[in-house]
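Take a look at the structure set out below.
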Amino acid sequence: MKITELILKNFGKFTNKQILLTDGINIIYGENESGKTTLHTFLKGMLFGMERKRGRAAATDTFRTYEPWENPNFYAGILRFTCGGRKFLLERNFDRYAKGGSLICEDDGEELSLEHGDLEVLLGGMTENDYENTVSIGQLRVQTGEILAAELKNYAANYYATGNSEIDLEGALALLKERKKELEKEEREKRQLISEKKERAEMEASYVWRDLHQLENEAEQLKRSCEEKRREWESWVNEDKKRKKREEAAGYFAGWRIHPLEAVSMLGAFFVTFLLFHKPWNFLVAIVVALAEGLYVWNCLKDGKKKKKARLQEIKEQGISLKADYERQKGKLAKVQETYHEKEVLYENLQERVGEFDEMNSEEIERLKNKQGVELAMEQLTRLAAQMQSRTSDLMNTEVSAIMDAITDGKYNRLWVDENLHVQLMSNGKKISMDQVSRGTLEQIYFAIRMAATKILHEEECPVILDDAFGYYDDSRLAQTLRWLKDSKRQVIIFSCQKREMEMLEKMGCVYHKVML
């Protein structure tokens, strides 16, 4: 892979900034705060994306640090590179509103997918962590030589043992021990929690069983009461039918009766009045008597009709009341039966939960297996690390030794990691530990291990990116390092605030490409 062009559409202090790169060594020169670190960050962001952090971390994260100075809502760039003899254009939008990107092969117009890992394939499987621990060397942390030596030992030992600088063997063992404690604590807490939940479920089940018993008794009482109300209402219905039949048989005037003696008396009074008085007064008196008797009969019939109507209304209301009582009892019974069914389902569920708590022993078995697995991992960690070391140590020793021999002009011609994972150098037949060398030599070892790891780990040859990485190098070591980089035939991008590298290359007659910021 070779990077050919950077276009910072809007990134940090740069707007529509174009930078062209070539094969071999590229030096991007600029004074302090001219934007070298911004360009370095842009390269990483284009290759691996850049996520915006949340909460308090958002105030100091890379996304916030390099937001465009002007129009921060437009946050984008373009990277052109070649890979496998083909040209590609990578474009990304970093801003929170239009985040996204595209990857296009400029030879045939094929659009590749960032989401499905096509860029990672082009990079030979290199991840962001691989990038930061191999080809990309930023400004080294300002530490004492002793502290840097200790970190370098761990860094180199982990690379030799596992092929990854981020795996800390000591830390891995400590994590396994901690994990074992966590599993034991989790097991105790889980058992206590299961016991408490089971007790609560059993207690709740007992309450529900008691409610079921009460509802069952209540339902039996309601069934008897409902049956009694049903019989009363059906009896009324039958009696009402018989009454209606009797009334139909008696005719319309059934119930409108006058006592026979009253009828005889009124008839006798009419005739007596007619006979007692002389004409024409007998007719007049008889008419008056007849009218009086007719009025009496009419009042009697009217009163009988009212009584019959009241009696019918009373019978009807009695029937309605009996039916309403029956329906109410049915409703109460249905509600109790529904509640009983709900409680029955709840009781069955609670019984199942209690059973499930007993079956959770399978989870305890699984936790036991996990704990045994952790113990086994702790036992086998050293042995496995030794096996892994045997696969990479010889190759790493060879590569790192060759690089150190080249950049130190033969002073340190061998570097290796012993069985105790201690990093040592060989100089003039003597073993030298990391504590005995200068800060500059430590950084050169750091550089050599990274370059060796790059060659071993990465399928695709990626550019080497160096951001003011030679601050502790003397002129001789710097010249040897630059010569090694030139001879490696890789693309090299050097960010520098000094002209030393350019002067050295010119003095050696090495061709390089210069970019001034």
Would you find more than 12 non-hydrogen atoms of other residues, nucleotides or ligands less than 6.0 Å from E5 atom CD? yes
Does NZ in K499 sit with more than 12 non-hydrogen atoms of other residues, nucleotides or ligands closer than 6.0 Å? no
Point-to-point distance, once rounded to the nearest 0.5 Å, from OG of S102 to CG of L90: 7.0 Å
Enter the distance from L79:CG to L119:CG here, rounded to the nearest 0.5 Å. 8.5 Å
Do you know which of H40, E128, K44 makes side-chain hydrogen bond (donor to acceptor under 3.5 Å, both in side chains) with S136? H40
Does T82 reach the side chain of K87, with side-chain heavy atoms less than 4.5 Å apart? yes
Cationic N near anionic O, under 4.0 Å, K9 to E91: yes
K343 vs E216, test: side-chain contact (heavy atoms from CB on, under 4.5 Å). Steps then yes/no. CA-CA 11 Å; K343 293 281 186 179; E216 189 175 2; over 6 Å; no
W484 atom CH2: more than 12 heavy-atom contacts under 6.0 Å: yes
Could you grab the distance from atom CD of E399 to atom CE of M451, nearest 0.5 Å is fine? 12.0 Å
Is T41 close to T37 at the side-chain level, that is, under 4.5 Å between some pair of heavy atoms? yes
Please examine the side chains of F48 and M126, heavy atoms only from C-beta on, and report whether any two atoms are closer than 4.5 Å. yes
May I ask you to check whether Y66 and F42 place their ring centers less than 6.0 Å from one another? no
Indicate yes or no for a side-chain donor-acceptor contact from R490 to the backbone of C462 under 3.5 Å, with no hydrogens or angles considered. yes
Can any side-chain N or O of N10 pair as donor or acceptor with the backbone N or O of E70 at less than 3.5 Å? yes
What donor-acceptor contacts under 3.5 angstrom involve side-chain atoms of residues 502-517, with partners at least two apart or in another chain?
{"from": "E506", "atom 1": "OE2", "to": "Y512", "atom 2": "OH", "distance (Å)": "2.6"}
{"from": "H513", "atom 1": "NE2", "to": "L20", "atom 2": "O", "distance (Å)": "2.8"}

Over 12 foreign heavy atoms within 6.0 Å of CG, D108: yes
What's the separation between atom NZ in K431 and atom CG in L425, rounded to the nearest 0.5 Å? 12.0 Å
So, do Q444 and Q480 sit near enough that their side-chain heavy atoms are less than 4.5 Å apart? no
Does any N or O in the side chain of E338 come within less than 3.5 Å of the main-chain N or O of A334, such that one atom is a donor and the other an acceptor? no
Closest non-hydrogen contact found for F94 with G77 is CE1-N, 4.5 Å
T134 and I137 have their tightest heavy-atom pair at O-CG1, 3.9 Å
Is it true that S34 and E31 share a donor-acceptor pair across their side chains at a distance under 3.5 Å? no
Between R92 (side chain only) and G101 (backbone N and O only), is there a donor and an acceptor less than 3.5 Å apart? no
